[in-house]
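Only one structure is covered here, and it is reproduced in the block below.
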2 protein chains.
Amino acid sequence: MRLKPVARKSLSDAVFEQLSQEIVHGRMRPGTPLPSERALCDVLRVNRGAVREALKRLSQAGLIAIQHGGGTRVLDFKQTASLDLLNRLLFHHDGTVDLRVARSVMEMRAAMAPDIARLAALRRSPGQVLQLDEVVAAMAAQEHDLLALQVLALQFWDLLTVCSENIAYQLAFNGLRHSYEGMREALVEVMGEELRDLAAYRRIAEAVRRRDGEGAGQSAQALMQHGSRGILQLLAALETSTDQQEEGEEDEDDDDPRT
Amino acid sequence: MRLKPVARKSLSDAVFEQLSQEIVHGRMRPGTPLPSERALCDVLRVNRGAVREALKRLSQAGLIAIQHGGGTRVLDFKQTASLDLLNRLLFHHDGTVDLRVARSVMEMRAAMAPDIARLAALRRSPGQVLQLDEVVAAMAAQEHDLLALQVLALQFWDLLTVCSENIAYQLAFNGLRHSYEGMREALVEVMGEELRDLAAYRRIAEAVRRRDGEGAGQSAQALMQHGSRGILQLLAALETSTDQQEEGEEDEDDDDPRT
DNA sequence: TTGTTAAACTGGTATGACCAGTTGACCATC
DNA sequence: GATGGTCAACTGGTCATACCAGTTTAACAA
């Protein structure tokens with residue numbers, strides 16, 4: 001019996017959700033003025049407090065700009081939002097994963113991971129080496145349970161970012177992890193190869209132990225290539241298969257440049 | 001006469017500011033229960049709506065967890081917050097820059113920039129090449145105005161991230177830019193050398209024009225080293241100079257508990 | 001043209017009430 | 001002793017109604 005906590009959403013959460021979807025999926029172009037708070041209350045049938053809480057959050061997320069007395073307008077989230085928004089961008093309305101966004105996540109991951117490993121090797125404490133060993137040992141023990149491996153791999157990288165003593169990496173990792181967990185189930189086959197490459201994880205841990213920054217970075221880079229290759233293939237396959245179904249769905253500003 | 005828009009803060013902004021500072025700067029440890037909303041109203045002398053708006057934002061930022069009926073408690077922001085928080089972490093209470101955080105930003109920047117340049121070279125459109133040329137030309141024209149160069153450099157990187165067609169990089173760049181602009185004035189001497197290396201920017205733009213991903217990446221990596229070297233020197237100088245003033249300020253938990 | 005004024009917006013703050021979920025102490029039951 | 005029910009006292013969530021404060025517009029005066 002697999003039970004999980006029931007989802008509970010407050011009104012302001014629902015309002016936030018609804019408005020952010022409208023903005024992110026392009027139904028409200030940047031510059032568009034939002035209805036006034038009182039008008040939103042009428043439309044959404046909620047009290048003004050709920051609307052204001054949602055608007056404040058949208059403002060913090062960089063999706064809208066609120067001006068006392070002067071109305072509220074939609075911003076261009078690509079220029080003002082930050083990494084938090086990835087979770088929302090990762091899924092279409094129908095719940096399927098946006099592979100373009102997924103590719104972005106994988107590319108960023110591939111760029112950061114080697115540097116995280118490098119810094120971790122240079123700055124790790126003795127105790128952290130032991131913790132890494134424990135995680136790698138646990139991975140070896142659960143070699144055939146992909147789901148468990150995925151959790152352990154996340155733990156592995158979490159540890160490395162802590163070792164790196166780089167707060168920017170830690171925070172970025174938190175954000176990426178949320179996105180990552182969202183598409184985890186959808187991409188098990190893509191990540192399977194990477195997760196099973198226990199030797200690579202071991203090489204990283206070993207390099208960290210000997211304070212070999214370059215070695216750790218190279219091993220991490222090699223490990224990342226599994227997932228990167230997988231997502232690229234998936235993307236290529238999907239693009240050729242959907243080109244005939246829906247052509248020109250995205251505003252493709254003349255991208256034939258790859259001749 | 002240099003005038004700028006006057007800062008205007010709403011009550012909920014002030015409450016958010018105050019509570020987030022308390023949490024981020026460690027006066028409220030993770031797990032600590034927050035006073036109830038009504039109690040906060042009494043202490044802060046504001047109405048409950050203002051408090052609730054602030055709490056909702058803190059929750060979204062990953063600093064607290066709110067539970068209907070069950071109270072509100074402080075989270076460990078290093079595990080739950082995302083990149084937005086960098087702006088707040090970058091400064092101590094007294095307004096001086098936290099160089100450890102600044103170093104983190106520079107390291108992340110150095111890891112991402114080469115990959116951004118690489119992808120930009122592979123995916124840029126013809127029009128974007130022209131835009132890059134314009135920015136580089138503008139930089140050449142303002143070669144002696146460091147402040148103008150800084151703005152143009154940001155514009156240069158903004159363009160590259162757009163060229164890279166990687167939404168994760170774009171969003172991360174937005175967040176980093178905020179942090180970056182915060183310490184801009186404090187770090188002009190650190191960045192001066194990098195900003196004046198016009199030849200490097202030109203090399204990147206050229207590589208992007210010829211779709212030379214590797215070349216663009218290498219040029220970007222070389223460019224980043226200016227700033228990285230600068231911040232490292234600054235940090236080393238400052239650490240040796242303050243070691244006698246305040247020793248052991250950081251909680252160095254020599255973690256070898258698993259012996 | 002310029003500056004003033006007033007009305008009609010907008011968002012911001014305040015209050016008091018009530019709804020809804022959680023907690024813990026108490027107590028009956030088994 | 002463990003289980004489950006009840007109730008009171010919390011907690012956060014929702015609501016309606018004021019009124020304050022800043023912006024925009026247009027009419028109007030100098």
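These values consider heavy atoms only, across backbone and side chains, with no hydrogens, waters or symmetry-generated copies. Worth saying up front: this structure is predicted, and the values here are computed from it rather than measured. Letters go in sequence order (proteins before strands), and every chain restarts at 1.
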Got a second to check how far A:Ile23's CD1 is from A:Phe77's CZ, nearest 0.5 Å? 9.5 Å
B:Ser10 vs C:dG11: side-chain N/O to OP1/OP2 distance below 4.0 Å: no
Name every residue in residues 44-63 of chain B that has at least one heavy atom under 4.0 Å from any atom of DNA chain D, in order of residue number, or write none if there are no such residues. B:Arg48, B:Arg52
First and last nucleotide of DNA chain D in contact with chain B, 5' to 3', at under 4.0 Å to a heavy atom: what are they? D:dT11 to D:dT23
Separation of C:dG21 P from A:Lys9 NZ (nearest whole Å): 16 Å
Counting only N and O atoms by type, is there a donor-acceptor contact under 3.5 Å from the side chain of A:Arg123 to the main-chain atoms of A:Ser164? yes
Would B:Met106 and B:Met191 satisfy side-chain contact (heavy atoms from CB on, under 4.5 Å), going step by step from the backbone distance to the final call? CA-CA 11 Å; B:Met106 301 299 273; B:Met191 303 303 303; 3.4 Å; yes
Select from A:Ser12 and A:Gly69 the residue whose nearest nucleotide in DNA chain D is closer to the 5' end of that strand. A:Ser12
Have a look at A:Arg38 and say if it touches a base, only the backbone sugar-phosphate, or nothing, with a 4.0 Å heavy-atom cut-off. base
Looking at B:Asp13 and B:Arg8, does any basic side-chain N land under 4.0 Å from a carboxylate oxygen? no
Hey, is the main chain of A:His92 close enough, under 3.5 Å, to the side chain of A:Thr96 for a donor-acceptor pair? no
Side chains of A:Lys56 and B:Ser10 only: does a donor on one sit below 3.5 Å from an acceptor on the other? yes
Kindly determine whether A:Leu75 and A:Leu63 satisfy side-chain contact (heavy atoms from CB on, under 4.5 Å), including the steps that lead there. CA-CA 5 Å; A:Leu75 293 179; A:Leu63 297 184; over 6 Å; no
Under 3.5 Å, is there a donor-acceptor pair between the side chain of A:Glu22 and the main chain of A:Arg27? no
So, B:Lys9 and B:Glu17, do they make that salt bridge, N to O below 4.0 Å? no
Which residue lies more 5' along DNA chain C, comparing A:Arg8 with A:Pro35 via nearest heavy atoms: A:Pro35
Mark yes or no for whether B:Ser20, through its side chain, and B:Phe16, through its backbone, hold a donor-acceptor pair below 3.5 Å. yes
Please confirm whether any donor atom in the side chain of B:His68 sits under 3.5 Å from an acceptor in the base of C:dG21, or the reverse. no
Rounded distance (Å) that lies between atom P of C:dG12 and atom CD of A:Gln67: 10 Å
Considering the terminal five base pairs at each end of the helix from C:dT1-D:dA30 to C:dC30-D:dG1, what angle separates the two local helix axes, rounded to 10°? 10°
Judged by atom type as modelled, is there a donor-acceptor pair below 3.5 Å linking the side chain of A:Asn174 to the main-chain atoms of B:Lys78? yes
